[in-house]
Protein chains: 2
Amino acid sequence: MTGNSHIQKALKMLENSPLKLTSQRVSLIKTLFKDGNQHFSAEDVYNKVKNTGVRISLATIYNCLNQFTSHGILKMVKASSDKVYFDTNLKSHHHFFCKASGELTDIDAKKVRISKLPKIPQGKKLNSIEVIVNISD
Amino acid sequence: MTGNSHIQKALKMLENSPLKLTSQRVSLIKTLFKDGNQHFSAEDVYNKVKNTGVRISLATIYNCLNQFTSHGILKMVKASSDKVYFDTNLKSHHHFFCKASGELTDIDAKKVRISKLPKIPQGKKLNSIEVIVNISD
DNA sequence: TACTAAATTAGAATTATTCTAAATTAGAAT
DNA sequence: ATTCTAATTTAGAATAATTCTAATTTAGTA
């Protein structure tokens, strides 16, 4: 184990972005990408980081998560919940969402095939397709 | 025109539900279902109703929209926005969402075919599949 | 007509998120 | 190395959507 490759890849993306390499951003990435694909809210991240001993303000957490998202280092997921989740899985994929438990799980893009789609409205271009499979107990 | 059939159908659903037939609920349904399939936020509804001369408190709007949703008289839609939208289109369908304009448009279920889907996790059951086609200018 | 549980309401409370303005810092220029 | 400047961080205030509270009203039943 010569360093976690998820972390390395994310740090590389940060370096290649116009964002400055601050200690907060580096700590954040190390915490977020440590355990592979994960979903978390801003509050989750705030606590996760706090547990590592580092202290980053909630405002900074929000700032960074949003900036990471707009620079492709994270994805944002909105399921039928009341808060935004961030996703370290950057590959194209979909989600199971269980409203009762609030649980969000990845679905590999390969496991879903969309074989028919309507034409995109005049003057607009396709950006992404999100499939949310709502499940319950 | 012997009365709007969308309104009639929604009112029938209200009557068949355990919800009481209050003047607020009836006004709401008449306003919401007047123009066919529509998407609106709670605030939109509040203003829409106010324009008809009727006054219903915002708390009641929220209460009713939520109750209508859980009794199948409305659908709730969450796109990549910061508020919840309610949808009078009860048929199974999907959505185009343009983040820039905030515009949400229906896609008929027939225009989308999902020909492959992963198996549902242990002990859970499939509830619904939501496809959001994100578009931009 | 009276009764009771459900519904409505104003306004307070809550939650997630963004904003503000002051202090700090990364990275470029010297 | 030192200085400089724009970007970043931060605490705390502000905002926006939504839910809660507790008092009043009402629908539908007895």
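These numbers come from the heavy atoms of this one structure, side chains and all, not from hydrogens, waters or symmetry mates. Chain identifiers are assigned alphabetically (A, B, ...) following the order of the sequence lines, protein sequences preceding nucleic acid strands; residue numbering begins at 1 within each chain.
Each of D:dA17, C:dA7, C:dG27 was ranked by its minimum atom distance to the side chain of B:K83; first place goes to D:dA17. Side chain of B:L58, nearest nucleotide from D:dT8, D:dT18, C:dG27: D:dT18. Of the candidates C:dA7, D:dT9, D:dT10, C:dA7 carries the atom nearest the B:R25 side chain, counting heavy atoms from C-beta on. Among D:dA27, C:dC19, D:dT8, the nucleotide with an atom closest to any side-chain atom of A:A59 is C:dC19.
An OP1 or OP2 oxygen of C:dT9 is reached within less than 4.0 angstrom by no side-chain nitrogen or oxygen of B:R55. Regarding contacts with the backbone of C:dT18, a side-chain N or O of A:N66 is found under 4.0 angstrom from either OP1 or OP2. Between B:Q24 and D:dT26 there is no side-chain N or O to OP1 or OP2 distance below 4.0 Å. Distances shorter than 4.0 Å separate some side-chain N or O of B:Y62 from OP1 or OP2 on D:dT18. Taking side-chain N and O atoms only, B:S57 has a distance below 4.0 Å to OP1 or OP2 of C:dT9. Taking side-chain N and O atoms only, B:K20 has no distance below 4.0 Å to OP1 or OP2 of C:dA7.
Counting only N and O atoms by type, the side chains of A:N134 and B:E130 include a donor and acceptor under 3.5 Å apart.
Residue contacts shown for A:T22 are limited to sugar-phosphate atoms, with no base heavy atom under 4.0 Å away.
One interatomic measurement links the two molecules: OH of A:Y85 to C1' of C:dT15, which rounds to 13 Å at whole-angstrom precision.
Within the shown strands, D:dC4 is the pairing partner of C:dG27 under the Watson-Crick or G-U definition, both distances less than 3.5 Å.
Between A:Q67 and B:S23, the residue anchored nearer the 5' end of DNA chain D, judged by the nucleotide with its closest heavy atom, is A:Q67.
Few gaps surround NZ on A:K125; more than 12 heavy atoms of other groups in view lie less than 6.0 Å from it.
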